[in-house]
There are 2 protein chains.
Amino acid sequence: MPEKSEPPGTASASVVASASVAKKGARQRRVTITDVGTAAGVSTSTVSRVLNGTARVDPELARRVQDAVAELGYRPNAAAQGLARGEAGAIGVLVPDLSNPYFLDVLKSVSAVARSNGRRVMAMESDEDATSEHELAEDLMRCCDGVLLCSPRMNRAELVDLSMRGHPVVLVNRIVPGLSLPSVSVDFYGGMTLVCGHLTQLGHRCVAYLSGPEASWANAERIRAFDAAAAFGVDVDVTVIPCGHTARHGYAAADAVRDSGVTAVVAYNDLVALGAVTALEDSGLRVPEEMSVIGCDDISLDDLPSSRRLTTASLARDELGRQAAQTLEALMAANGDTEPKLIPMELRVRHTSAPPAVPAH
Amino acid sequence: MPEKSEPPGTASASVVASASVAKKGARQRRVTITDVGTAAGVSTSTVSRVLNGTARVDPELARRVQDAVAELGYRPNAAAQGLARGEAGAIGVLVPDLSNPYFLDVLKSVSAVARSNGRRVMAMESDEDATSEHELAEDLMRCCDGVLLCSPRMNRAELVDLSMRGHPVVLVNRIVPGLSLPSVSVDFYGGMTLVCGHLTQLGHRCVAYLSGPEASWANAERIRAFDAAAAFGVDVDVTVIPCGHTARHGYAAADAVRDSGVTAVVAYNDLVALGAVTALEDSGLRVPEEMSVIGCDDISLDDLPSSRRLTTASLARDELGRQAAQTLEALMAANGDTEPKLIPMELRVRHTSAPPAVPAH
DNA sequence: CTGTTAGCGCATTCAA
DNA sequence: TTGAATGCGCTAACAG
């Protein structure tokens, strides 16, 4: 046991004084639980007890401990707690793109749930890159009690790999048959079905779909919906145009849309749709009179002018985040609720969809 | 030394097999560095060395270690590393509101800088609440090597308190004279000066300002700019209308704007401005013909239609985040660069500002 | 170049 | 109720 160590501040020193001195001096030794114990004249276990409420402690001792804590400005070291307790007190969230307001809302509600459970949240962004995604996910697993994988682009094998670590992971917006990972996803298939219905009812027969990232499950689901429409005998012809996931991508794809001779275009998401609208209008085409444009995600914030303009498939993003976080929480509590959850979408008809200029006869 | 412990997988067992067994069985013991050492027939220090590249190791031993790592699926425990190394490998970012795209962009660029320095980022949101903000900041300091406080609402005393912890903290969008914390901020004062100039040149004399959160330094800076304009003899009368920071707030404040008899309104930020535009147009007023509306932050994403509509004061948000992160990094490396950095704003004249309907004679 | 020995700061047994 | 002892998993002196 070290005898020579002198606590960085005696019980009689004021917090301010000791701290300000420390600030300027050489990198001071952090105040530890031992310092508190010494100052309060109790053992470290007692300090730990009063701080965590783990067991009953004599009120008098408790007071002395709290005083010492205040006096010394003691803050438990998170790493040490994590090591001793065997849990990090944090959950990780991995998203493909932090710039997308969509994920922000998810992050926000996840964050709220996590906090209410006394957990911090660690956010990472994969930049739509499947390779880095796997690494980042591994890294998150190393420092978090559980991980939320949002719209993961990684392949099935990598997902299987992660699922076998025996570490709580839940998938958001991705359903992989046969995988033992719980998942919470938006019903994009249902959403696009609504969009199809809307367009055909307006009289559109030739529609383009601005396709998102190749590896996106959400993208595949949307396409699956179009295919199904055709299979069900719906009289609509869908041209898939490779595009991307940002407004810039949508902007760049506008020419291809014009050239394809369609009367309406469905975009991978609202960002793409807004980019397309801009480009289309720039080129002199009127939306929706000459070209209907439909988005997905209903990304705009409440009361925004743009939010009222774009016809889109909408969902409760906060609900998505909340359910995802709760599912993860349940998983960490060892309750394996592996049923995939689906969040429904609604069609939001606004100002960018209308009957085609030249209706099909 | 424990003799009876049996590693969760022998060196000859495949990763898949051992992992899948573990998944279903009782909560398995995590693979530790000791297991790896045993499997590879070396000491834990050697394992540590090859994993961290801390020192030269015999190639043969290194290979055995790497094989064992792969075989056992070993991942270092982040908490243990943090404790042993004395650093968490993460930085914390505290923002008032995660829903605001403004902070998203900051978070994104901060995140990029952090990652390139091998650090994770922990994000927290204070919900514009000064009280929780202080607590959250403390919590972040416990588990991160450094903290970025974005647009902090807490009072000076609390800031002083944090600054005395001898823990790296940098302020973003807040400058507190006499405080020994580095800061990186947007030059809102300069930005609003540009806006004032633009409006007076257009001929506006009566202008309203939709004021943001009371505790917001950015808000105070904007108001300071208006005051200064008056002081400099600029012929403009500014009415300050208490409002808020969201689109909804802006929407709700539109009536007050109309009643105030002004010909132009400057909003706390773009969200508020967009809300105001929506409400104004809903009430039959034409923007900008009958009312000019100017925002701040240039929040919209590239190529978005709305981004081309709103006249606003713009800045390079990624630059803000990058500089903030770099300043923090420098601070953590013990380089005290306490000079407050200022990011300039530019006026972005778009479609929501025009001369007043009834020009001043 | 490698193994042995100590802690890092805290929670938690186990006795008292 | 309390304190002493032990270990969480890893890194870093220190010897060899």
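Scope of the values below: all heavy atoms of this structure, side chains included, with no hydrogens, waters or symmetry mates.
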Checklist entry - Where the side chain of Thr38(B) meets the backbone of Thr34(B), is there a donor-acceptor pair that is under 3.5 Å apart? => result yes
Checklist entry - Are any non-hydrogen side-chain atoms of Leu159(A) and Val169(A) less than 4.5 angstrom apart? => result no
Checklist entry - Hey, does the side chain of Asn173(A) reach the backbone of Cys150(A) with a donor-acceptor pair shorter than 3.5 angstrom? => result no
Next on the checklist: Under a 3.5 Å distance rule, please check whether Arg120(B) uses its side chain to pair with a backbone N or O of Ser111(B) as donor and acceptor.
Outcome noted: no
Checklist entry - Can you name the closest pair of heavy atoms from Ala90(B) and Met122(A) and give their distance? => result CB-CE, 3.7 Å
Item to check | Check ion pair Asp97(A)-Lys108(B) (N to O, under 4.0 angstrom) | outcome: yes
Checklist entry - In degrees rounded to 10°, what angle is found between the helical axes fit to the five outermost pairs at each end of the helix from dC1(C)-dG16(D) to dA16(C)-dT1(D)? => result 40°
Checklist entry - Just by protein heavy atoms under 4.0 Å, how would nucleotides 8-16 of chain C read 5' to 3' in B, S and -? => result BBBSBB---
Checklist entry - Between atom CD in Glu60(A) and atom P in dT2(D), what is the gap in whole Å? => result 10 Å
Next on the checklist: Is there a salt bridge (Lys or Arg N to Asp or Glu O under 4.0 Å) between Asp139(A) and Arg75(B)? Walk through the geometry before answering.
Outcome noted: CA-CA 9 Å; Asp139(A) 189 43; Arg75(B) 320 285 158 187; over 6 Å; no
Checklist entry - Where the side chain of Arg115(B) meets the backbone of Met124(A), is there a donor-acceptor pair that is under 3.5 Å apart? => result no
